[in-house]
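One structure below.
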Amino acid sequence: MTFYRNIALSCAMSVGLVGAAVAETTLIHGEAGPNRGARAAALQWFADQVSERSSGDVKVDIQWGGALFKANASVQSISDGVADMGSVIAVYYPQEMVGYGIADLPVNNPDAWVGMRATDDLMRSSGAIQADLADKGLVYIGTWTTSAVNIGCKDAAIRTAEDVKGLKVRGVGAYGKVFGEMGANMVRMSIYDAYQGLDTGLIDCSQGYSYAVSALKQGEVMDSYTLLDWGQVGGLGIFMNKDAYDDLSEAQQAVLNDVGADMADEFGRMITAANDKAIASMKEQGVEIITLPEAERAKLVSMGEPFLGKWVESANAVGLQGDALLEEYRGLIAKYTEERDSMGYPWARN
């Protein structure tokens, strides 16, 4: 199988004699998003760290902006070898990526770092999830998160949970389904198309994440942005073609895995600052920032509960032990929440 991998050879020449060739492995990474914003910066950090920690033995060539495949074609494209690795958004694959989709459940944890650490821990420790991915020709490398789920609107404002009723809303995962059950008219649309959707009136509101709203310039077409303090879409990360991964040496694999694990701390630092900056920027643009009252937030949390049970059923259907995985995931959230509360975030400990 061809994986569009480049092997760069450098040869030392001396008096007509050819020295030993030094091979450099370049892995092609497909990314649907633009080369701007916190997630793009974290992906570039990943690429830079892979090169640095491997002493240049492994490089990652990022193809931005959907040049190789769109977000809703990433799993099949990586599995088929269109790229060696790429960014995957689990909500676009509720069946194929059901194990990773546990990170998208409304488990009442909006903390980005806690969510990433819990997700990364589960993905590396669960043999069942790893085997399920292997059957699909994939290997897990590392995770990001969208951070807390919020909602931005044009010519509308969400001040209570019921305010979504009758509005045209772009939403994904369990969060979008809750909006739908509360009376919103759901519109299937990628987050990358939400700017045009809001601008043209195709949608009234879009489920959003502060740093992404800023990166995609959506504040230009929003009048209001409501902080829900509800949960996050955390099934967003780097996966690799299994054949390409297996072709690497153990040392090369270790570099990818180590950098992938460390990405949670680095992105946690980045996204915390980026979200604060994004909110400030929206305020400067005249976007009204609304904090959903606790009683209204509780309504969303309550309506999200049934979707945890539905995820368990979906996980069981593909051979995963849904109840056990959900219990383990909640335990990991509690573990990293306690670590944060007792020690602070990693980037603020020294």
Side-chain angles (χ1 to χ4, degrees), residues 3-6 25-54 56 58-75 77-78 82-92 97 100 103 112-113 115-117 119-120 123-124 138-147 190-192 209-217 232-241 244-245 248 252-253 255-275 277-278 346-347:
F3 301 105
Y4 299 88
R5 185 183 308 134
N6 298 327
T25 300
T26 300
L27 302 174
I28 306 300
H29 181 106
E31 162 61 48
N35 186 12
R36 61 176 181 268
R39 184 158 68 85
L43 180 54
Q44 187 60 59
W45 176 89
F46 172 84
D48 292 343
Q49 285 293 303
V50 167
S51 178
E52 179 179 328
R53 297 189 198 184
S54 69
V58 182
K59 294 186 180 298
V60 179
D61 180 1
I62 306 168
Q63 298 294 305
W64 303 95
L68 294 180
F69 47 77
K70 301 301 182 184
N72 60 2
S74 59
V75 166
S77 297
I78 298 167
V82 173
D84 298 302
M85 58 200 308
S87 306
V88 170
I89 302 175
V91 292
Y92 294 137
M97 302 296 289
Y100 192 41
W113 179 78
M116 283 188 291
R117 270 295 167 210
T119 300
D120 187 76
M123 295 297 289
R124 296 186 191 282
L138 300 173
V139 174
Y140 168 81
I141 300 296
T143 205
W144 297 295
T145 178
T146 59
S147 73
S190 164
I191 191 172
Y192 304 113
Y209 325 99
S210 301
Y211 82 95
V213 167
S214 177
L216 299 173
K217 303 184 183 299
Q232 57 190 297
V233 175
L236 168 61
I238 298 174
F239 289 78
M240 189 166 178
N241 176 282
Y245 180 85
L248 299 176
Q252 291 172 327
Q253 292 173 356
V255 168
L256 291 175
N257 292 328
D258 289 346
V259 177
D262 290 346
M263 197 167 65
D265 290 349
E266 178 64 14
F267 190 55
R269 180 189 67 79
M270 286 183 180
I271 202 170
T272 298
N275 282 339
K277 183 178 179 180
W347 56 91

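Not measured: the values here are computed from a predicted model. Numbers here simply count residues along the sequence, with the first being 1.
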Is it the case that the side chain of Asp61 and the backbone of Ile28 share a donor-acceptor pair, with hydrogens and angles ignored and the cut-off at 3.5 Å? no
For Asp48, check salt bridge (charged side-chain N to carboxylate O under 4.0 Å, His left out) against everything at least two apart and list the hits. none
State, without any angle test, whether Asp120 and Tyr140 hold a side-chain donor-acceptor pair at a distance under 3.5 Å. yes
Met263 and Gln49: side chain to side chain contact (heavy atoms under 4.5 Å, CB included), yes or no, with the steps? CA-CA 10 Å; Met263 197 167 65; Gln49 285 293 303; over 6 Å; no
Heavy-atom side-chain proximity of Arg117 to Asp265 below 4.5 angstrom: yes
The test is side chain to side chain contact (heavy atoms under 4.5 Å, CB included); show your working for Tyr192 and Lys70 and say whether it passes. CA-CA 10 Å; Tyr192 304 113; Lys70 301 301 182 184; over 6 Å; no
Tightest non-hydrogen contact, residues Gly37 and Ala215, listed as CA-CB, 3.7 Å
Decide yes or no on side chain to side chain contact (heavy atoms under 4.5 Å, CB included) for Leu256 and Phe46, but give the supporting numbers first. CA-CA 9 Å; Leu256 291 175; Phe46 172 84; 4.1 Å; yes
Within the distance-only criterion (no hydrogens, no angle test), does the side chain of Ser210 pair as donor or acceptor with the backbone N or O of Ala278 below 3.5 angstrom? no
Which of Thr119, Asn257, Thr143 passes side-chain contact (heavy atoms from CB on, under 4.5 Å) with Arg124? It is Asn257
Gap between atom OG of Ser54 and atom CG of Asp258 - 0.5 Å precision: 11.5 Å
Short side-chain donor-acceptor distance under 3.5 Å, Tyr209 and Thr145: no
With rounding to the nearest 0.5 Å, note down the distance linking CD1 in Ile238 to CE in Met85. 5.5 Å
If only atom types and distance count, is the side chain of Asn241 paired as donor or acceptor with the main-chain N or O of Asp84 below 3.5 Å? no
Partner of Trp144 under side-chain contact (heavy atoms from CB on, under 4.5 Å), picked from Ile89, Leu43, Ile271, is Leu43
Taken in chain and number order and not counting sequence neighbours, the residues that satisfy side chain to side chain contact (heavy atoms under 4.5 Å, CB included) with Ala73 are Phe69, Ser77
Heavy-atom nearest pair, Thr25 first then Gln252, reads OG1-NE2, 3.7 Å
I need the minimum non-hydrogen distance between Pro34 and Trp64, along with the two atoms involved. O-CE3, 3.7 Å
Heavy-atom closest pair, residues Leu248 and Gln253: O-NE2, 3.5 Å
Donor-acceptor contact below 3.5 Å, side chain Tyr211 vs main chain Thr272: no
With no hydrogens and no angle check, is any side-chain donor or acceptor of Tyr100 less than 3.5 Å from a backbone partner on Gly237? yes
Please round to the nearest 0.5 Å and tell me the distance separating atom CZ of Arg39 and atom OG of Ser147. 11.5 Å
Centre of Trp347's six-membered ring, under 6.0 Å away, within 45 degrees of the axis: is that where NZ or CZ of Arg269 sits? no
Under a 3.5 Å threshold, yes or no: a donor from one side chain and an acceptor from the other, between Lys59 and Ser51? yes
Euclidean distance, Met116 CE relative to Glu266 CD, rounded to 0.5 Å: 10.0 Å
Step by step, work out the side chain to side chain contact (heavy atoms under 4.5 Å, CB included) result for Val50 and His29. CA-CA 13 Å; Val50 167; His29 181 106; over 6 Å; no
What distance separates Glu31 CD from Leu68 CG, expressed to the nearest 0.5 Å? 10.5 Å
Approximate separation, where rounding is to 0.5 Å, of Ile78 CD1 and Phe239 CZ: 8.0 Å
